[in-house]
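Below, chain A is the first sequence line, B the second, and so on; all start at residue 1.
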2 protein chains.
Amino acid sequence: MANRAEQKARTRNALIDSWLGIIGSGVNFASISLREVAKAAGVVPTSFYRHFDDMDELGLAVVDELGLDLRRLTRGSFDASQSMDANIRRGVGVYQRYVVDNAESVEFVNQARTGGTPALRGAIDSELSYFSTRIAGALRALVPGLKPSERDTVAQLILAVLLENTTALLAVPTKSRALQGEFRQELEDKMRVIMLGAEQLGTVSSPTRKPRQTPQPSAL
Amino acid sequence: MANRAEQKARTRNALIDSWLGIIGSGVNFASISLREVAKAAGVVPTSFYRHFDDMDELGLAVVDELGLDLRRLTRGSFDASQSMDANIRRGVGVYQRYVVDNAESVEFVNQARTGGTPALRGAIDSELSYFSTRIAGALRALVPGLKPSERDTVAQLILAVLLENTTALLAVPTKSRALQGEFRQELEDKMRVIMLGAEQLGTVSSPTRKPRQTPQPSAL
DNA sequence: TGTACATCAGTGAACGCGCGTTCACTGATGTAC
DNA sequence: TGTACATCAGTGAACGCGCGTTCACTGATGTAC
């Protein structure tokens, strides 16, 4: 009945899901043991090796999955024909929904970004670089005045704020519409400050240079 | 000769330093064992308990030390009589020097912020809240037009960008003036975007409301 | 369709190891008189 | 200053435990003919 490859894939998923479940219960991903994961997956410890060389490989598999999601999500999350504010709301909404719906995987990546092995951190960095590039691409249409290097700066800034707020978001009760809404509001406000700065920067450095008319004696 | 309290403090410091040394060698703080730390400190495992109940308490001690540094550093890191750009350069400089000079402690806090026990994360959050409040306070003089809630938003934004760039800074070779300079430049640029946004926001929401004269059809 | 053989996901016993924690101890430092 | 006692930082043996990894195995699934 059960196709061999299918059964193998099922066990593999059980290992990954068990691992994520333990992470979701509040344990640091680095202190979870292979035996613990195997046991939770209803499989003997030795079986683990039929699927992964070690725990690091399991982590890398999860990063790969998230990478695929990222590519899917960034397609069509920006729309230059709409207002900046609409784009901010849309982007923040997509991000927030994804984090809430994939809390365990995101929790893992959030930990591994600072505490993972070099291989893990490298894999995560590479996905995030891709993401940053996508944001910079969206900025070309959204804030036409920006130079390429400025787009990179702003893209990294946006990414930094998203990532930095992930820990806080993971702590917001999923069920509380009020608290989730409050988080969303605050994050949108932060993005608005950044985009105000980006637009200002774009106006200043644009080829069709317009004088800044609001009194700002300082930056740049 | 050796005063008993002094000797005890010396051992305590040896434990902390050994622990930080292991962290500095690239090991995740959560996977370092009590026995490992005791051994590196040249002391028997049982001795550890004369100083800390468990490893978590050791971590909390380090957080406390960093908290003191933070209070010292934030005194006089802003100067409303100077230009915004001067303040940015000063703030980024202080931050960068501190991270480079205290790489091991900062590495720990950077990991513990996402991967620590609830007690550890709580202690760190509390220090960072203090820091955020200090930044918001500095903004009162620096960008007078901002409403209190806007100052909070901008302060959190600044803090997020500092924290988010810490992992990257920890990976920049300490010795390379060129790479350190490049990092500083990029971080300053990010801060400038935020402050441009903040000043713009302050202009818009100020009681002496001036019309925005640069064409920005969107945000807020 | 039936048979004989190959594959390989999962098993279960066994290993040596480092772990956190307990306990009663030692002996130098500190204190009271 | 000298003596007798208290304190307590550090010791060393011992414990039971869960760890990652090895190995030869089993038996269901897959394949060749």
Where do N or O atoms of nucleotides 21-23 of chain C meet protein N or O atoms at under 3.5 Å, pair by pair?
residue, atom, partner, partner atom, Å
C:dT21, OP2, B:Y49, OH, 2.6
C:dT21, O5', B:Y49, OH, 3.3
C:dT21, O4, B:R35, NH1, 3.2

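In this structure, A:R50 and B:H51 both approach DNA chain D, and ranking their closest nucleotides by distance from the 5' end singles out B:H51. A residue-by-residue look at B:A5 and B:E36 shows that B:E36 has its nearest nucleotide of DNA chain C further toward the 5' end.
Side chain of B:V44, nearest nucleotide from D:dA28, D:dT11, C:dG10: D:dT11. Closest to the A:S47 side chain, of the nucleotides C:dG10, C:dT7, D:dT11, is C:dG10.
Using a 4.5 Å heavy-atom cutoff, the side chains of B:E164 and B:V161 are not in contact. Side chains of A:V99 and A:Q96 form no contact here, defined as non-hydrogen atoms less than 4.5 Å apart. Looking at heavy atoms from C-beta onward, B:Q156 lies out of side-chain contact with A:N165 at the 4.5 angstrom threshold.
For the pair A:F48 CZ and C:dG12 C1', the computed distance is 19 Å after rounding to whole Å. For A:K39 and D:dC19, the NZ to C1' distance is 13 Å, given to the nearest whole Å. Taking atom CD of residue A:E6 and atom C1' of nucleotide C:dC8, one finds them 16 Å apart after rounding to whole Å. If you take CE of B:M55 and P of C:dC19, they are 10 Å apart, rounded to a whole angstrom. Counting to the nearest Å, the P atom of D:dT11 and the NZ atom of B:K8 are 14 Å from each other. In this entry the distance linking CG of B:N13 with C1' of D:dA9 reads 15 Å, nearest Å. One can place CD of A:Q7 at 17 Å from P of D:dG27, the figure rounded to the nearest angstrom. Going from atom CZ of B:F52 over to atom C1' of D:dA9 covers 14 Å, rounded to whole Å.
A:E6 pairs in a side chain to side chain contact (heavy atoms under 4.5 Å, CB included) with only one of the listed residues (A:R10, A:R4, A:K8), which is A:R10.
At least one side-chain nitrogen or oxygen of A:S33 sits closer than 4.0 Å to the OP1 or OP2 atom of D:dC19. Within the structure, every side-chain polar atom (N or O) of B:N3 is placed at least 4.0 Å from both OP1 and OP2 of C:dT29.
Every residue two or more places apart in sequence or in another chain was checked for a side chain to side chain donor-acceptor pair (under 3.5 Å) with B:E104, and none qualifies.
For DNA chain C, runs of at least 3 consecutive pairs of the Watson-Crick or G-U wobble type, with both hydrogen-bonding distances under 3.5 angstrom, map to C:2-33 with D:2-33.
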Steps toward side-chain hydrogen bond (donor to acceptor under 3.5 Å, both in side chains) verdict (A:S77, A:Y95): CA-CA 10 Å; A:S77 270; A:Y95 154 79; over 6 Å; no

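Looking at B:D54, its side chain does come within 3.5 Å of a backbone N or O of B:E57 through a donor-acceptor pair.
Both the sub-6.0 Å distance and the 45° axial angle are not jointly satisfied by A:R90 relative to the ring of A:F78.
In plain terms, the two heavy atoms of A:G59 and A:L120 that are nearest each other are C-CD1, 3.8 Å.
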